[in-house]
Structure formats: structure tokens, C-alpha cells
Amino acid sequence: MSHIVVIRPYKPGDEINCKELIKTGVMSSLNLTYFGIVLKELTFQLMILFAAIMFIFFGLPLTVCLLVVPLVILLVYVGTYIGFAAKAMEVNEEVSNISRIYMSNAFSCFWVAEAFEPYLMKHHPKNVQYTIMTEQQFRDSNVDISSQVKKIVGTIALCKSYRLDKGAWIKRLYVHQQYRRKGIASCLINVAVQFAIDQGYSCTNLVASEYTEGGRELCLKKGFELQQMYHKPILGSLVTILMYELTYQIKPANEYDYVSTVYSRSMLNQ
């Protein structure tokens, strides 16, 4: 096994790599979100409205009024970029405090997916099949990694919810673009859900935007259900994106402890 991904808890020293990965993850959906907003009906209505105001009330030539089209497109991009940049800064601050936020109590945790690869990669990661395992499985395997380099390629976190009764939030689910569609995100979700089961949570929720369809579909396949949908402001109330809150219901441990454990272990082995 020369290509391995190990899912393990965060430890001191991971901060820099986690910051870089999560920032890239946040900004990766910028263009898709931007094009989605530009193609919304509201954007075209704003173009028509501004052009009509310039033509009717200011008497500007129609050719000049048409310049409002690229102007609105530019403003939408600037507004979308500012929104994503602000989110990236917020996440960066959180990652700087992972130890305090996620690792200082028994009811929350932060995990990373760490890839072990040869120093000289003969193939691009997209074309390589990786063996994914937990930290304990990795220790038991006694794999020789002396000639390999390691790299954090995925993250996920779980923390207690103060809004949901006995519930938890799954957050910061990111996988490096070159390592997607290899089962890493699925295994990260498995680990987080198993942790929620072990800690006695009644449910665990996560939020995804309308422009992260792949992530939503994966969660739905893993047993999550749609809890609610709502619009998140990007440019005030004028420009919003649709957000999906998904929930994974966990059966009471005293009734279904054995079934939940067996099911969760089977998920980890998929």
C-alpha cells in the first residue's frame, strides 16, 4: 500500500495546512456561486431597472444605458467575492483556535484526512486509488512510511449545538480538489457520525449551499434528511443563496446501541 489516507484527530502542527486547505475549500465555490447569482432572474431585473432609470430619468442614450449590464455583473462579482473573503477570514480565525474550540472537551472533535504518498509521485492524485483507514487501523497495519511524504487533504469537525436538543453540528467538511471522488469525504462523515453516536447525541446536522450539489447528494446517500431550506444574504436582501440544512437522526443508545454500532462500523468499511 503505497498510497494511503488516514483519518485522525487534529493535533498541534496541523494548523498551517488546515488553514490553507479550508481557505481553498471556501473559495473553490466562488465562481460557481457567482455564475449562479448572475443567472438569477433578479440580476436581469436589476439590469433592466437601472438601464430604464438612466434612459427615462437622465435622458442618456440607449447605448450608454446598456453599459449598466457589465456594471451590474461586476458589482455582483465584487459583492460575491467580498462575501466569500469574509467567510474565509471567519474560518481562518476558527482554525487558529481548533484546540480550544474542538479539542478541549469530550463532546467535540476535529479530524483531518492525511495522505501518505511516495516522494516521487508517478501519477496525478486524481488517477491514483487510495486506501482509506482510521488511525487505529493504520497503527495495526504496521505500514512502512519511511519513504513517503504526508499531506493533509481533508478536514471535518463536530461540535455541540446550542439550538438543537441533544444535537451536534458537522462543520468544516473539505477535501482537496485533487483528492475528491475517492471516498475520503464519505469516510470523514462516517467518523463524525460515529463520534456523535458514541457521545450520545440525538442528531447531527450540517448546512450546504445550493451550489454544493455533490456534497448534498453524498450526505443524502449517507442517511441525512432535509430539515429546512433558507436564503442566506450575500448583498443584503437583494442577492441571496439557497441553503440546505440536513439532519442525521440518531436512535436512542439504550434501545439501538448494538444496531447503531454495527451500522456505523459497516459505514467505515465501505
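All of these numbers come straight from a predicted model, not from anything done at the bench. These values consider heavy atoms only, across backbone and side chains, with no hydrogens, waters or symmetry-generated copies. Start at 1 with the first residue, then count along the sequence.
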Quick check: closest heavy atoms across [X] and [Y], and the distance to 0.1 Å?
| X | Y | result |
| --- | --- | --- |
| A113 | I184 | CB-CG2, 3.7 Å |
| R180 | V175 | NE-O, 2.9 Å |
| V38 | F44 | O-CE1, 3.8 Å |
| M103 | F110 | SD-N, 3.4 Å |
| Q199 | A106 | OE1-O, 3.0 Å |
| L226 | M229 | CD1-CG, 4.0 Å |

[atom2] on [Y] to [atom1] on [X], rounded to 0.5 Å:
| X | Y | atom1 | atom2 | value |
| --- | --- | --- | --- | --- |
| W111 | T134 | CH2 | OG1 | 12.5 Å |
| I98 | S108 | CD1 | OG | 11.0 Å |
| Y81 | M27 | OH | CE | 4.5 Å |
| Q194 | I250 | CD | CD1 | 9.0 Å |
| F224 | Y248 | CZ | OH | 7.5 Å |
| L246 | Q228 | CG | CD | 10.5 Å |

Problem set entry | Chi angles and distances behind the side-chain contact (heavy atoms from CB on, under 4.5 Å) call for E94, I101 | CA-CA 8 Å; E94 180 181 302; I101 298 173; 3.8 Å; yes
Exercise. Does the side-chain hydrogen bond (donor to acceptor under 3.5 Å, both in side chains) test come out yes or no for K222 and S186, once each step is laid out?
Worked result: CA-CA 8 Å; K222 305 296 288 185; S186 178; 2.8 Å; yes
Compare all side-chain heavy atoms of [X] with those of [Y] and state whether any distance is below 4.5 angstrom.
| X | Y | result |
| --- | --- | --- |
| Y174 | I156 | no |
| Y10 | I152 | no |
| L158 | Y201 | yes |
| I4 | V6 | yes |
| I73 | V69 | yes |
| C109 | F195 | yes |
| I132 | I7 | yes |
| E135 | P9 | yes |

Problem set entry | salt bridge (Lys or Arg N to Asp or Glu O under 4.0 Å) between E217 and K221, intermediate numbers included | CA-CA 6 Å; E217 290 300 321; K221 290 179 181 179; 6.0 Å; no
Are the side chain of [X] and the backbone of [Y] linked by a donor-acceptor contact shorter than 3.5 Å?
| X | Y | value |
| --- | --- | --- |
| R216 | Y244 | no |
| S202 | K166 | yes |
| K182 | K126 | yes |
| T155 | R172 | yes |
| T247 | C203 | no |
| E210 | L242 | yes |
| T212 | A208 | no |

For this session: Measure from the ring center of Y179 to the ring center of Y130 and say whether it is less than 6.0 Å.
Result: yes
Exercise. Are F138 and F116 an aromatic pair by the rule of ring centers under 6.0 Å?
Worked result: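 Yes, the ring centres sit under 6.0 Å apart.
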For this session: Walk me through it: do D14 and R8 pass the test side-chain contact (heavy atoms from CB on, under 4.5 Å)?
Result: CA-CA 11 Å; D14 294 336; R8 62 165 176 81; 2.9 Å; yes
Grouping I, L, V, M, F, W and Y whenever their side-chain heavy atoms are under 4.5 Å apart, do [X] and [Y] come out in a common cluster?
| X | Y | value |
| --- | --- | --- |
| L74 | I82 | yes |
| I48 | V64 | no |
| F58 | V72 | yes |
| V26 | F35 | yes |
| V68 | I56 | yes |

[X] atom [atom1]: more than 12 heavy-atom contacts under 6.0 Å:
| X | atom1 | value |
| --- | --- | --- |
| I16 | CD1 | no |
| Q249 | CD | yes |
| Q178 | CD | yes |
| Y162 | OH | no |

For this session: Start with the C-alpha gap between L188 and L173, add the side-chain angles, then the distance that decides, and say whether side-chain contact (heavy atoms from CB on, under 4.5 Å) holds.
Result: CA-CA 8 Å; L188 285 168; L173 174 58; 4.1 Å; yes
For this session: Go through S96 and K19 one step at a time and tell me if the side-chain hydrogen bond (donor to acceptor under 3.5 Å, both in side chains) criterion holds.
Result: CA-CA 8 Å; S96 298; K19 279 186 175 181; 2.8 Å; yes
For this session: Start with the C-alpha distance between K87 and E90, add both sets of side-chain angles, then the distance that settles side-chain contact (heavy atoms from CB on, under 4.5 Å), and finish with yes or no.
Result: CA-CA 5 Å; K87 181 64 176 179; E90 175 189 333; 3.8 Å; yes
For this session: Apply salt bridge (Lys or Arg N to Asp or Glu O under 4.0 Å) to E245 and R163, showing your working.
Result: CA-CA 13 Å; E245 182 177 335; R163 177 172 67 84; 2.9 Å; yes
For this session: Check the pair E114, K151 against salt bridge (Lys or Arg N to Asp or Glu O under 4.0 Å), reporting the backbone distance first and the verdict last.
Result: CA-CA 5 Å; E114 190 170 45; K151 173 185 179 182; over 6 Å; no
Exercise. Regarding K160 and N105, is there a side-chain donor-to-acceptor distance under 3.5 Å anywhere?
Worked result: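 Their side chains do not contain a donor-acceptor pair, so the 3.5 Å distance test is not met.
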